[in-house]
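Structure record follows, encoded as structure tokens.
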Amino acid sequence: MRGRTLSAGIALAVFAGMTVPLAAHTATASPPTATTVTRPIAASAAALAAPDISVSNVQAHLTQFNAIATSNGGNRRAGSAGYTASLTYVKTRLQSAGYTVSEQYCSSCRYPSNNLIAEWPGGPADQVVMFGAHLDGVSAGPGINDNATGSSTLLENALVLAAQNPTMTKRVRFAWWTDEEQGLNGSRFYVNSLSATQRGYIKGYYNFDMVGSTNGGYFINRVTSTTAAPLKAYWDSLGLQPEENVEGQGRSDDYYFQQAGIPTSGYAAGASARKTSAQAAKWGGTANSAYDPCYHRSCDTTANVSATVLNRAADGVAYALWQLAVNGGTPACTGGQVVGNGGFESGSTPWTASSGVITNASAQPARTGSYKAWLNGNGSSGTESLTQSVTLPAGCASYTLSFWLHIDTAETTSSTVYDRLTVQLGSSTLATYSNLNRASGYVQRSFSVAGSAGQTVTLRFTGTEDSSLQTSFVIDDVTLVAS
């Protein structure tokens, strides 16, 4: 991020028509550290549509940028050998992944050098969502938090997008800017080079500048705007309570996009401004200390990055990208039956069961075919189980677990539970049956399990029996259908 503040008198253009569902889960924010990594646990189909970006991969890019600076005079300043090598590193990775990549020479930059623009070949060309970060640093040091973190976050997101190759509803364009530290010159040159029509194609520009500060906060440019909604929704889902990026206003590459009437937002973790006591209370870290103690200094190395803050930014970029440009943020429903061998006629695979549970014994007949799962019925203390790992596709309208259950018991009570069958999917208990639910034949039991959409979870039947008077829990024709 550049050091001098530009004019704050900016007219905001609202990105109309962009609605983003809030992720359903919450998490407690933990203090940012240099090593702790916290991954969000997604609990909605919308959140699950986005990939989890590996922070280790992002850190590997940071290591490369640090090595480039070390080999080129200790910095990656625009126009320097370190900058050129940084651009070559990013460009080579993107070309190998299948991007359409171009360099734009900034002749008006203080240090004339190239912007790097990469576009993924999918989605309508007149509906563009753009993600940018400045690739240059200052001459004082390698510029890892400022701004190899933003550059690496976008590079890894771009590579994951290419690897997954989803159906696109908008065109995604990435940019790595030169000469930001000298006055936002690279991004200004790019915006000025666009025709009015080309500017109109860009439906939102998202900027990422310093997203791994060691004493960082969670800041969003124009946090209450419609454009910011997907970025905010993701951090809201982690319980982070993000704030407006006051420190960064007019100081990074979103500025000239905003001046040109293009809706903008972005993430930042803070620079030389000091964290307040209230911010330290909710985010962790040290109050009255700079968000980045190595801002524009030689100590801005790979040691000057919080993996926790970096990871949350990288995953938030993926969430926003998927919401804005990938199949409306929700994948197409693949549908169908996800339980294997639900009638037990093909042996035990893929079930895992206690000995003798999957059987063709005639004392308890199957509902259909010859085999069924017979839990308990021994008349003695014991626990038996039947499990299968299942993967529920995301993006479907309904998810229904169904099975047929016959409960036969020698218990005579009409009020006391002695023997139980518990049905679970993942960490959720769907139902508990007992000797009180006896029936002369099979009864179908059905449950909506949409809360597990997009997840791989274990379907589990657990039967427990006391020391006398048997209860048999007999299961057949298990299905879990997504549609």
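Each residue takes its place number in the sequence, starting with 1. Below, all heavy atoms of this structure are taken into account, side chains as well, without hydrogens, waters or symmetry copies. Quick caveat: nothing in here was measured; it's all calculated off a predicted structure.
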Whether the side chain of [X] engages the backbone of [Y] through a donor-acceptor N/O pair (distance < 3.5 Å, no angle test) should be reported.
| X | Y | answer |
| --- | --- | --- |
| Arg76 | Pro142 | yes |
| Tyr267 | Leu231 | yes |
| Asn304 | Ile144 | no |
| Asn115 | Gly186 | yes |
| Arg171 | Gly122 | yes |
| Lys282 | Gln241 | yes |
| Asn341 | Pro350 | no |
| Tyr295 | Ala273 | no |
| Asn311 | Ala307 | no |
| Gln127 | Lys170 | no |

Please walk me through it: do Leu116 and Leu135 pass side-chain contact (heavy atoms from CB on, under 4.5 Å)? CA-CA 9 Å; Leu116 184 67; Leu135 185 58; 5.5 Å; no
Approximate separation, where rounding is to 0.5 Å, of [X] [atom1] and [Y] [atom2]:
| X | Y | atom1 | atom2 | result |
| --- | --- | --- | --- | --- |
| Leu324 | Met168 | CG | CE | 10.0 Å |
| Lys275 | Asn288 | NZ | CG | 12.0 Å |
| Trp120 | Thr100 | CH2 | OG1 | 9.0 Å |
| Leu194 | Ile262 | CG | CD1 | 6.5 Å |
| Asp292 | Asn215 | CG | CG | 9.5 Å |
| His61 | Arg93 | NE2 | CZ | 5.0 Å |

Checking Arg251 against Tyr255 for the side-chain contact (heavy atoms from CB on, under 4.5 Å) test, could you report, in this order, the C-alpha distance in whole Å, the side-chain angles of both residues, the deciding distance, and whether it holds? CA-CA 7 Å; Arg251 294 178 61 184; Tyr255 177 76; over 6 Å; no
Distance only, no hydrogens: is a donor on one side chain within 3.5 Å (strictly under) of an acceptor on the other, for [X] and [Y]?
| X | Y | result |
| --- | --- | --- |
| Gln444 | Ser402 | yes |
| Ser252 | Asn207 | yes |
| Asn145 | Asp300 | no |
| Ser483 | Ser398 | yes |

Contact between [X] and [Y] at the side-chain level, heavy atoms closer than 4.5 Å - yes or no?
| X | Y | answer |
| --- | --- | --- |
| Ile53 | Val317 | no |
| Asn147 | Met1 | no |
| Leu161 | Tyr99 | yes |
| Ser389 | Thr456 | yes |
| Tyr218 | Arg312 | yes |
| Thr88 | Thr92 | yes |
| Asn72 | Ser80 | no |
| Val309 | Thr149 | no |

For residues [X] and [Y], report the shortest heavy-atom separation together with the two atoms involved.
| X | Y | value |
| --- | --- | --- |
| Phe208 | Tyr206 | CE1-O, 3.4 Å |
| Tyr399 | Pro393 | OH-O, 2.8 Å |
| Thr169 | Val326 | OG1-N, 4.0 Å |
| Leu154 | Ala133 | CD1-N, 3.7 Å |
| Leu310 | Thr153 | CD1-OG1, 3.6 Å |
| Val172 | Ala325 | CG2-CB, 3.5 Å |

I'd like to know whether Tyr291 forms a ring pair (Phe, Tyr, Trp, His ring centres under 6.0 Å) with Phe219, so could you lay out the CA-CA distance, the side-chain angles of the two residues, the decisive distance to 0.1 Å, and finally the verdict. CA-CA 11 Å; Tyr291 301 115; Phe219 302 107; 5.2 Å; yes
Using ring centroids (six-membered ring only for Trp), state whether Tyr234 and Trp322 fall under 6.0 Å.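 No.
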Evaluate the side-chain contact (heavy atoms from CB on, under 4.5 Å) criterion for residues Asp146 and Asp209: first the C-alpha distance (whole Å), next the side-chain angles of each, then the deciding distance (0.1 Å), finally the verdict. CA-CA 7 Å; Asp146 187 14; Asp209 191 352; 3.4 Å; yes
Kindly assign one of parallel, tilted or perpendicular to the pair Phe461 and Trp351, based on the angle between their ring planes and the thresholds 30° and 60°.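 Answer is tilted, since the angle falls between 30° and 60°.
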Could you tell me how the ring of Phe403 sits relative to the ring of Phe447: parallel (under 30°), tilted (30 to 60°) or perpendicular (over 60°)?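 Parallel.
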Show the numbers, then the answer: is there a side-chain contact (heavy atoms from CB on, under 4.5 Å) between Gln59 and Thr302? CA-CA 8 Å; Gln59 290 171 312; Thr302 51; over 6 Å; no
